Amino acid sequence: MKKEYKFPENFFWGTATSAVQSEGRVSGDQKGMDIWDYSSKEYNHRFYHGITTEQVSGFYRDYREDIKKASDISLNSFRTSISWARLIPNGVGEINPEAITFYKNVFTELREKGLSVFVNLYHFDMPMALQKEGGFENKNTIEAYKNYAETCFDLFGDLVDYWFTFNEPMIPAEAGYLHDRHYPYVVDFKRAAQVLHNIVVSHCEAVRVFRKKKRNNQIGIIMDVLPVYPRSSHPADMEAARMADLFYTRSLNEVILKGEYPVELIEILTEYNQLPPQVSKEELALIKATKIDLLGINYYQPRRVKAKECLVNPNGVFMPENFFDPYIMPGRRMNTSRGIEIYPKGIYDIAINIKKLYGDIPWFVSENGIGIQDEEAFIRDGIVQDDYRIEFLTEHLQWLHKAMKEGVNCKGYHMWTFVDCWSWINTFKNRYGFYRLNLETGEKTLKKSGIWFKEVIENNGFEV
Ligand code: FCB
């Protein structure tokens, strides 16, 4: 017997991408350099096959055809981001007229095709001119970001349905200042904590400016959540899970959604002398007063942890991982291309947790998807037969549906991503899109999953 999974009327069905990962450059576009343009050239060996941000998937050039492709598969909503360095090449000051035209055209085109426009202001892409001054470590960047946000609200406010201040605000701090993955490749907890705090304040400043405009569209933020699972119910494993959750989830969720950093986190950071040095009373009051309208949740994988096997080097670098070890669970289902676990129930656990911990805030799945290496191996009759992607999305949607039946306030589902795009570090190694990008010819062709998703949208659900 087949079971029907129906979603509510007006559910957002869409895809997400970002400026750096999709736009690329054309000559005369007057875009300023951001940290990805810089690091993918200067630290080229850190990027898979040395592919830089120059070309990516050509959205700057092809946006009209691309948006037609989005509408061909019946998407009703579409997220991308504005590149700060494209709009304001030096991060502050002069605005690039080419960028105004481009973004106006993109948003207008989306609306004309009947797609709601979801726009994120910051997707890991600090303008290089500001990074040279310390990026988000420098308090002046908060002001610069606020002005950039205000410029966007003024220029594009009539064309955008939902604004987001940041995508995954933890990542620039964690990947850029703690785990040596993103430029500026710093390893220093205290500096990472300062970056995170300044990002939080920037978010609040943007929301404050937005509220002053009294627009009737909405504003929110997009967070990545890795639900935490302990190896066992042994108290030591449970404690490890609690710490992982405190450092990586509650640290940000509570400050954004409840207006305060967790007291316990502050106590630990005080004990280890890791508190960010520059936090003012005014900033904390602003954080407390800031409320968002819509929360986006990116979900890719769970975080399994266990109690530490070894004592921590007392002279080592302070890390959240000093309090837990990752747990490699025997028999876990893997996406071997990315080396991450596939765990569809995670989306259900996140949904239930949001309701339990953060009230009935409206939210949506802002990213979920699967990146696969060597996808050309699955091409038959000219189409990528990505049944694994259909299976992945179906299972996640089934769990989401179950949570919604239990009353969670989820408004939609966006898949990462629309056309195969460039990834941070991995460039084009793993493919995520509903459309395949042929890197040699630039051709974009629909995959089997795209045909499937179109049907899901048209039926507002599916049967399995
Ligand atoms: C997320 C990022 C997004 C994309 C996917 C695969 O963490 O938000 O830009 O790279 O991962």
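All of these numbers come straight from a predicted model, not from anything done at the bench. One is the number of the first residue; the rest follow in order along the sequence.
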Can [X] be said to sit on top of [Y]'s aromatic six-ring, NZ or CZ under 6.0 Å from centre and within 45° of the ring axis?
X: Arg46; Y: Tyr185; value: yes
X: Arg215; Y: Phe153; value: no
X: Arg79; Y: Phe364; value: no

Distance-only side-chain donor-acceptor flag, [X] / [Y], under 3.5 Å:
X: Tyr63; Y: Asn105; value: yes
X: Asn460; Y: Trp13; value: yes
X: His197; Y: Tyr261; value: yes
X: Gln398; Y: Tyr5; value: yes
X: Thr249; Y: Asp245; value: yes
X: Asn298; Y: Glu168; value: yes

- [ ] Mind telling me whether Phe59 and Phe102 have parallel, tilted or perpendicular rings, with 30° and 60° as the class edges?
- [x] perpendicular

- [ ] Hey, can you tell me if Phe136 and Tyr122 have their rings parallel, tilted or perpendicular (30° and 60° cut-offs)?
- [x] perpendicular

Open item on the list: Tell me whether Lys213 at atom NZ has more than 12 heavy atoms from other residues, nucleotides or ligands lying less than 6.0 Å away.
Closed with: yes

- [ ] Report the C-alpha distance between Phe118 and Phe12 in whole Å, list the side-chain angles of each, state the deciding distance to 0.1 Å, and finish with yes or no for ring pair (Phe, Tyr, Trp, His ring centres under 6.0 Å).
- [x] CA-CA 10 Å; Phe118 287 51; Phe12 314 137; 5.0 Å; yes

Open item on the list: In the structure I gave you, are the side-chain heavy atoms of Leu265 and Arg250 within less than 4.5 Å of one another anywhere?
Closed with: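 No, side chains not in contact.
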
Open item on the list: Using 0.5 Å steps for rounding, measure from the CZ atom of Phe378 to the OH atom of Tyr388.
Closed with: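 If I round to the nearest 0.5 Å, the distance is 4.5 Å.
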
Open item on the list: Let me confirm one number: the CZ-CD distance from Arg86 to Gln30, rounded to the nearest 0.5 Å.
Closed with: 10.5 Å

Open item on the list: As a test of understanding, state which of Arg389, Gln385, Arg436 forms a side chain to side chain donor-acceptor pair (under 3.5 Å) with Glu375.
Closed with: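 So the option named by the test is Arg389.
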
Open item on the list: Evaluate Lys68 against Glu65 for salt bridge (Lys or Arg N to Asp or Glu O under 4.0 Å), listing each step before the verdict.
Closed with: CA-CA 5 Å; Lys68 162 136 192 346; Glu65 298 86 68; over 6 Å; no

- [ ] Could you point out which residue of Phe78, Tyr432, Phe434, Phe453 forms a ring-ring contact (aromatic ring centres under 6.0 Å, His included) with Phe418?
- [x] Phe78

TODO: Taking Asn368 for its side chain and Tyr299 for its backbone only, find out whether a donor-acceptor pair lies under 3.5 Å.
DONE: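 Yes; judged by distance alone, with no hydrogens or angles, the pair exists.
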
